[in-house]
Amino acid sequence: MSRYDPATLEPKWQKAWDEAGTFLARRSDDKPKYYVLEMFPYPSGRIHIGHVRNYTMGDVIARYKLATGHNVLHPMGFDAFGMPAENAAMASGGHPADWTYANIDAMVAQMKPLGFGLDWSRMFATSDPEYYGQQQSLFLDFMEKGLVYRKNAVVNWDPVDMTVLANEQVIDGKGWRSGADVERRELTQWFFKISDFSGELLDALDGLDNWPAKVKLMQANWIGRSRGLQFAFGMVEPTKTHDRVEVYTIRPDTLLGASFIGISPDHPIAKELEAHDPKVAAFCAEARKGGTTEEALEKAEKLGFDTGLKVRHPFDTAWELPIYIANFILMDYGTGAIFGCPAHDQRDLDFARKYKLPVTSTFVPLSGEHTLPEDGGAAFVPPKTEPVHWTLPFNWPEEATGEQAIDAAIAFCEDKGVGQGVTKFRLRDWGLSRQRYWGAPIPVVHCGDCGVVPEKKENLPVVLPMDVTLDIPGNPLDRHPTWRDVPCPRCGKPAKRETDTMDTFVDSSWYFARFTAPHAKTPTDLAEAAYWMNVDQYIGGIEHAILHLLYSRFFARAMHICGHLPESAIEPFDALFTQGMVTHAIYQTRDAQGRPVYHYPEKIIWKDGKAFVAANVTVGGQQITVGGEPVVTEVEIIPSAKMSKSKNNVVDPVAIIEQYGADTARWFVLSDSPPERDVEWTASGAEATSKHLARVHRIATDIAASDAAPNEADDALLREMHKAIFDVTGGIESFGFNAAIAKLYAFTNTLQKSTAGAAARRDAMKTLAQLMSPMTPHLAEEIWSMLGGEGLIANAPWPVADEAMLVSDTVTLPIQINGKRRSEITVPKDMPKEEVEKRALADDAVLKALAGGQPRKLIVVPGRIVNVVL
RNA sequence: GCCCGAGUGGCGGAAUGGUAGACGCAGCGGAUUCAAAAUCCGCCGCCGAAAGGCUUGCCGGUUCGAGUCCGGCCUCGGGUACCA
């Protein structure tokens, strides 16, 4: 009798699938197509357990759809541009390309043994010139359609390294390498006009029926449609360039509570003052310190500078309001200027108290105690749908909601000619410029005579030069004359290439379309795209709920406008599933400069429940030890965070695969945890999973050798089998993989204990193998062939539950007394309600509780429950 | 700060508004064995001797009935536009 030996069995079946071309996708009209895609990985060098979880889920769907008669496309590639490759090159020399492609090779080698049903023939990396060349072509098409433009935008600037920093490289407001205070600086950058699509991207969310509601809500809030008032405050004394301050507000109803005007340090008025007032310049310099993230801006201490300038209130020209320059106002939002109403905005209230500005409530609660903000209370900011009492309405009743007041205020202001109702969106245009080497070059040339000139399509791809080094900060493309100096594509005079590269989100915004024809000479092949698009099921982490998914939705629209996708593909993902993240503790120490240093979990030494890491004390390359023990430093444990290469808290699944095999790893990551929930990684339990699979193998071996005669247990086993088919199929369809696996455990127990005849047990075992095959495909193939199944189980039609076998004749009803379960009765399935009531009232526990009295109420939910209310 | 989630035994978790704790892990007891491994059988939320009571982060509400719906908190996680 053969033992369960994944080490020989798994390569055998992988070879069989390869030879049969089981997972190669070809267009075909005899079956419905099904495109399943998992978000492709960044080639960090090692797959981690989150990847295994993600790709196993996708593979379960892919294999299930294949078994249910679909023509399946299930591709894989790599999101290969980005900062980690540059960081690696900086840290240890070498070239980002070498590092990236070596990592891709390593990760493919780690993924293949997992037996994923992928069409590897379609694989590409976004750093392949073939791919990014087509992306450059798309960029030029977008440019021609007016979807690309340049404007100034702020970046994080490291004044010591003289380089732009990513948000991730700003730690506590300081540059990660130099430790210098980060400043905000303006640069001319490239933008996609995603804001042209704000309304449509928002409205179209309604049609995404198979997307999680939370993702749609997050996107809707992100796009953020608001109806507000745009108007101007006239200045009491104009400056050289301005006689008014243009403001946009979503709370025009609080205009009578206005107390100051705030403008961004980058507002034209601020810049004008800065030029000849050193005090203003000093304040603006201070205000520009710190990172550019919304979080940093919101949480920074609110600072203001009284410019001495004043504006007149539009309703009362005698009422003057001061103009402050304030560090929390961004030029990118609205008009870069606000009016502050401290009574109804906590941030404005904090600001007003700090700078001794007036506070005036314009509404109060209808009832209850209320301390006015002007008397020391908190800002009163009720939901806009809640009715409040207005002390200062313009043209609406004293009792009205915020919404009603806003609408009335806009109408009032429009009528008086004070301003205009304007719909605005929070969504900003997508800045795609990156001042970095390892990305797709933006294919334009700057010519002294012609200005910005698109590169000719026949000159694409604009290939990254390979002779660069990253040992000094900054973008090596800026200091690469032979690459940078080119003739102008229009006039032929000497000109310079754009040295900005594209945001890596551009790379991932259309790869799903490229998979339909990965080697086409145009971005897509329309016939292939029309056949395979849309992605029927997209699977990936919730961390991509906003940016990646929104950018992809924009790209699909833009690609349609340029003729690269059919109109039916402007929403590229029919169904979305967001899996939870695999988290792990982060182990952190700090270096001499106080900057964090992260350590891999396997480097941690545990002692008395505390974590240590070998101190980095070496002499002549030898780790210093004391009495044979390494010198250790205690490690700070940051409880649980998304596995991330940059934090070194990744766990390698390779050990599990090597020890127990791919099927164990696959089953293990799917069992127990619901797919949408985050899981704190632990490997305990992998051994038990392996034992379970060995048990299934053993049962199959026994059954293959059995010749028991049919008997009365056959029917019971087959009923359980059909119930298992029903439950497992439902589980897979609804991403309830953990619940499906629980049913498979239960059915395995039933089958093991069953005394049914050989034929029934054989049927049950073959069905069990089929139901397990999406999760543990190698073991399933082995059992299938052991029991004489025809062909590969991967191609065998999925079993169908016989509904007649699912119903039983009797049903057991719990009896509750006052909502607490006290007893139960078993009755025929179709027993009339009156009869059930009679039986329930005759139940001992009920008789005892009633003590001769009558129930106040008797509730019978047929087939479910009886509740007796005393 | 703001937006979006999550919270159930020692652990992972199950549960169309209807028997809370399925299934699994760990643990405990037993069978088998010279012994062990492997395997098989059983027990396993908390308190209580028992009867019984309590129990789904906390507080309140709706309901005959709430883990599930509503309101308010707490804690943790994700995002916050240059991490991918």
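Proteins come first, then strands; the chains are lettered A, B, ... in the order of their sequence lines, and each starts at number 1.
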Q) Do Glu543(A) and C4(B) share a donor-acceptor pair, side chain to base, under 3.5 Å? A) no

The glycosidic conformation of G24(B), counting syn as within 90° of 0 and anti otherwise, is anti

key: Salt-bridge contact Glu294(A)-Arg426(A) (side-chain N to carboxylate O under 4.0 Å)   = yes

- Message: Check the phosphate of G24(B) against Asn749(A), side-chain N and O only, distance under 4.0 Å to OP1 or OP2. Yes or no?
- Response: yes

- Query: Any side-chain N or O of Arg434(A) less than 4.0 Å from the OP1 or OP2 oxygen of A81(B)?
  - Reply: no

Does G65(B) have its OP1 or OP2 closer than 4.0 Å to a side-chain nitrogen or oxygen of Lys820(A)? no

Among the nucleotides G78(B), C23(B), C4(B), whichever has the atom closest to the side chain of Met581(A) is G78(B)

So what does Gly431(A) hit on the nucleic acid, given a heavy-atom distance under 4.0 Å: a base, only sugar-phosphate, or nothing?
-> sugar-phosphate

*asked:* Please classify the nucleic acid contact of Thr504(A) as base, sugar-phosphate, or nothing, using heavy-atom distances under 4.0 Å.
replied: sugar-phosphate

Considering only atom C1', compute the distance from G77(B) to G27(B) and round it to an integer number of Å. 30 Å

Which of A14(B), A84(B), G24(B) is nearest the side chain of Asp672(A)? It is G24(B)

Per atom distances to the Thr293(A) side chain, the nearest of A81(B), A84(B), G13(B) is A81(B)

Q. So does Arg677(A) get a side-chain nitrogen or oxygen closer than 4.0 Å to the phosphate oxygens (OP1/OP2) of A14(B)?
A. yes

The reported gap from OG in Ser508(A) to CE in Met39(A) (rounded to nearest 0.5 angstrom) is 9.0 Å

Next on the checklist: I want to check one thing: is the phosphate of C40(B), taken as OP1 and OP2, less than 4.0 Å away from some side-chain N or O of Gln752(A)?
Outcome noted: yes

Whole-angstrom distance between C54(B) and A66(B), as gauged at atom P
13 Å

Rounded C1' spacing from A81(B) to U63(B) in Å:
45 Å

Taking A81(B), U19(B), C82(B) as options, the one with an atom nearest any side-chain atom of Asp503(A) is C82(B)

Suppose we call a contact any N or O donor and acceptor under 3.5 Å apart; does that hold for the side chain of Gln435(A) and the base of C82(B)?
yes

Discussion item. Taking A6(B) as the reference, what is the distance to G52(B) when you measure between their C1' atoms (whole Å, please)?
Written reply: 35 Å

Does a nitrogen or oxygen in the side chain of Ser673(A) sit under 4.0 Å from OP1 or OP2 of G12(B)? no

| query | Can you tell me how far C1' in C58(B) sits from the matching atom in G67(B), rounded to whole Å? | reply | 15 Å

| Think Asn738(A) has a side-chain N or O under 4.0 angstrom from the OP1 or OP2 of A14(B)? | yes

- [ ] Determine whether the aromatic ring centres of Tyr660(A) and Phe668(A) lie less than 6.0 Å apart.
- [x] no

With both pairing distances under 3.5 angstrom for Watson-Crick or G-U wobble, and | for a partner in another strand, the correct string for RNA chain B is (((((((..(((.....[....))).(((((.......))))).(((....)))..(((((..]....))))))))))))....

Between Lys214(A) and Asp79(A), the residue closer to the 5' end of RNA chain B by nearest nucleotide is Lys214(A)

Here the distance between atom C1' of G77(B) and atom CD1 of Ile542(A), to the nearest Å, is 11 Å

The residue, Lys743(A) or Leu165(A), whose nearest nucleotide of RNA chain B is more 5′ is Lys743(A)

- Query: Quick check, are the ring centers of Phe512(A) and Tyr538(A) under 6.0 angstrom apart?
  - Reply: no

Which of C41(B), C4(B), A81(B) is nearest the side chain of Met218(A)? It is C4(B)

Quick note, Asn867(A) side chain, CB onward, closest among A6(B), G18(B), C25(B) is G18(B)

query = Per the atom types in the model, does the base of U19(B) pair as donor or acceptor with the side chain of Arg864(A) at under 3.5 Å?
reply = no

Quick note, Asn221(A) side chain, CB onward, closest among C3(B), U80(B), G13(B) is C3(B)

Picking from C64(B), U19(B), C82(B), the nucleotide nearest the side-chain atoms of Asn156(A) would be C82(B)

To the nearest angstrom, the CG-P distance between Leu744(A) and C23(B) comes to 14 Å

* To do: Using the C1' atom on both, measure A26(B) against C43(B) and round to a whole Å.
  => 14 Å

*Rounded to whole angstrom, note down the P distance from G7(B) over to G17(B).*
15 Å

- prompt: Is the Tyr745(A) to Phe747(A) ring centre distance short of 6.0 Å?
  reply: no

_Verdict with reasoning, Ser195(A) to Asp429(A), per side chain to side chain donor-acceptor pair (under 3.5 Å)_ = CA-CA 5 Å; Ser195(A) 62; Asp429(A) 275 332; 2.8 Å; yes

Taken to the nearest whole Å, CE/Met83(A) to P/C83(B) is 6 Å

In whole angstroms, the gap separating P of C4(B) from CD of Glu294(A) amounts to 13 Å

To the nearest angstrom, the CD1-P distance between Ile171(A) and C83(B) comes to 12 Å

Practice task
Could you check whether His544(A) gets within reach of a base, just the sugar-phosphate, or nothing at all, counting any heavy atom under 4.0 Å?
Solution key: base

When rounded to whole Å, the CD to P distance for the pair Glu86(A) and C82(B) reads 16 Å

From the candidates C82(B), U19(B), G24(B), the one with an atom nearest any side-chain atom of Tyr745(A) is G24(B)

- Task: Write down the distance separating the P atoms in C3(B) and G72(B), rounded off to the nearest Å.
- Result: 12 Å

Exercise for the section: Examine C2(B): is either OP1 or OP2 under 4.0 Å from a nitrogen or oxygen in the side chain of Arg347(A)? Give yes or no. Expected result: no

